[in-house]
Number of protein chains: 2
Amino acid sequence: MRKNVLDPACPSRVVLNRIGDKWTLLIVIALSDGVHRFSELRERVGEVTPKVLTQTLRGLERDGLVDRTVYAVVPPKVEYRLTDLGRSLLEPIAAVKDWAERNADAMLEARERADAEA
Amino acid sequence: MRKNVLDPACPSRVVLNRIGDKWTLLIVIALSDGVHRFSELRERVGEVTPKVLTQTLRGLERDGLVDRTVYAVVPPKVEYRLTDLGRSLLEPIAAVKDWAERNADAMLEARERADAEA
DNA sequence: CGGTATCCACTGAGATACTG
DNA sequence: CAGTATCTCAGTGGATACCG
């Protein structure tokens, strides 16, 4: 039987849960152009706190989307990069991102119009 | 200047917020094959409560992604359908959905492996 | 049928401070 | 540098019951 996101028991629901948190998409996008260190990600992804960044990265790692490499040096150095699975997610995500960047204004206008007549 | 989701001030962030809630994606997908009534959506989208369904639909309506048509009949009849903007969102969303349905298992396996060694 | 109303619980997320 | 440790809180979502 075909998978169906609309079915709550379907595993594909967990994917949407992962994607559906506030930072995951952003971080995957931030990693789309290659390897980055913790503090680089912190800069690139606006306003994310270290705690949340850690949480999200751990979640991505757990799900096999991100690879974490620790170098035994002082000061510490840790690199994050997308796995193959993570990179494969990039494509659909890029589509969403493009849509977002192209249609955000239209959405905002619709919202203002709706709010105005209320 | 190019839009950039990573910038917290960028309007495209609001798009991700909309998409990033628990039910929006699911409901848009449920509406992808045409017009549906409230109770049809309730059935199709597993485990959604009426309150949350209403909330989400109102949000989608506000943002110009969904159209709501009320028929003045007894018993009441209300139809929901995607707007043009909403339909345009369908494409990127379908990409995500497909990815989810194809890779959910791989993700779950990675997760189990990660949890096992902990 | 298509919702509201009410109340509650939980988690995601933020602020701040600290450490190996 | 790359995180942890606490604490706190708001918002999102859920259960249940009821209404036009």
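Below, chain A is the first sequence line, B the second, and so on; all start at residue 1.
Between the CZ atom of B/R42 and the P atom of D/dG13 there is a distance of 17 Å, rounded to whole Å. Distance CD1 (B/I27) to P (D/dG13): 10 Å, rounded to an integer number of Å. Computed from coordinates, the B/R68 CZ to C/dC1 C1' distance equals 12 Å when rounded to whole Å. Note: CG (A/L57) to P (D/dA2) measures 11 Å, nearest angstrom. The nearest whole Å value for the distance from the CG atom in B/L53 to the C1' atom in D/dA15 is 16 Å. Regarding B/E40, its CD atom lies at a distance of 16 Å from the C1' atom of C/dG3, rounded to whole Å. To the nearest angstrom, C1' of C/dC1 lies 12 Å from CD of B/E43. As rounded to whole Å, 15 Å separates atom P of C/dG2 from atom CZ of B/R44.
Listed pair B/Y80 / C/dC1 fails the phosphate criterion, with no side-chain N or O lying under 4.0 Å from OP1 or OP2. Residue B/R18 places no side-chain N or O under 4.0 Å from the OP1 or OP2 atom of D/dT12. At C/dG2, one or more side-chain N or O atoms of B/S39 fall inside 4.0 Å of OP1 or OP2 (strictly under the cut-off). Not one side-chain nitrogen or oxygen of A/R58 sits closer than 4.0 Å to the OP1 or OP2 atom of D/dA2.
Summarising the local packing, CD of B/E40 is surrounded by more than 12 heavy atoms from other residues, nucleotides or ligands at distances under 6.0 Å.
When the nucleotides C/dG14, C/dC1, D/dC1 are ranked by their closest atom to the side chain of B/P75, C/dC1 comes out on top. The side chain of A/K22 lies closest to C/dG14 when the candidates are C/dG14, D/dG13, C/dG3. When the nucleotides C/dG2, C/dA13, C/dG3 are ranked by their closest atom to the side chain of B/K77, C/dG2 comes out on top. Of the candidates C/dG14, D/dG14, C/dG3, C/dG3 carries the atom nearest the B/T54 side chain, counting heavy atoms from C-beta on.
Using a 4.0 Å cut-off between charged nitrogen and carboxylate oxygen, A/R44 and A/D33 count as a salt-bridge pair. Here B/R81 pairs with B/E79 in a salt bridge; the nearest charged N to carboxylate O distance falls below 4.0 Å.
Residues A/E47 and A/P76 each lie close to DNA chain C; by heavy-atom proximity, the contact nearer the 5' end of the strand is made by A/E47. Checking B/V70 against A/D21, the closest nucleotide of DNA chain C that is more toward the 5' end is the one next to B/V70. Between A/E79 and B/Q55, the residue anchored nearer the 5' end of DNA chain D, judged by the nucleotide with its closest heavy atom, is A/E79.
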Please assess B/L26 against A/R13 for the test side chain to side chain contact (heavy atoms under 4.5 Å, CB included), listing each intermediate value before the final yes or no. CA-CA 9 Å; B/L26 265 11; A/R13 272 277 184 111; 3.5 Å; yes
Can B/L31 and B/I27 be said to form a side chain to side chain contact (heavy atoms under 4.5 Å, CB included), step by step? CA-CA 6 Å; B/L31 284 170; B/I27 289 172; 4.2 Å; yes
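Grouping the Ile, Leu, Val, Met, Phe, Trp and Tyr side chains by contacts below 4.5 angstrom, directly or via other members, places B/V73 apart from B/Y80.
One donor-acceptor pair, N or O on each side, does fall under 3.5 Å between the base of C/dG14 and the side chain of A/K51.
Counting any heavy atom pair closer than 4.0 Å across all strands shown, B/Y71 reaches no nucleic acid atom. Residue B/R37 is classed as a sugar-phosphate contact, given heavy-atom separations below 4.0 Å to backbone atoms only.
In this structure, the side chain of B/N103 does not engage the main chain of B/A106 through any donor-acceptor pair within 3.5 Å. At least one donor-acceptor pair closer than 3.5 Å links the side chain of A/R87 to the backbone N or O of A/L82.
One end of the helix from C/dC1-D/dG20 to C/dG20-D/dC1 points its axis 60° away from the other end's axis, with each axis taken from 5 pairs and the angle rounded to 10°.
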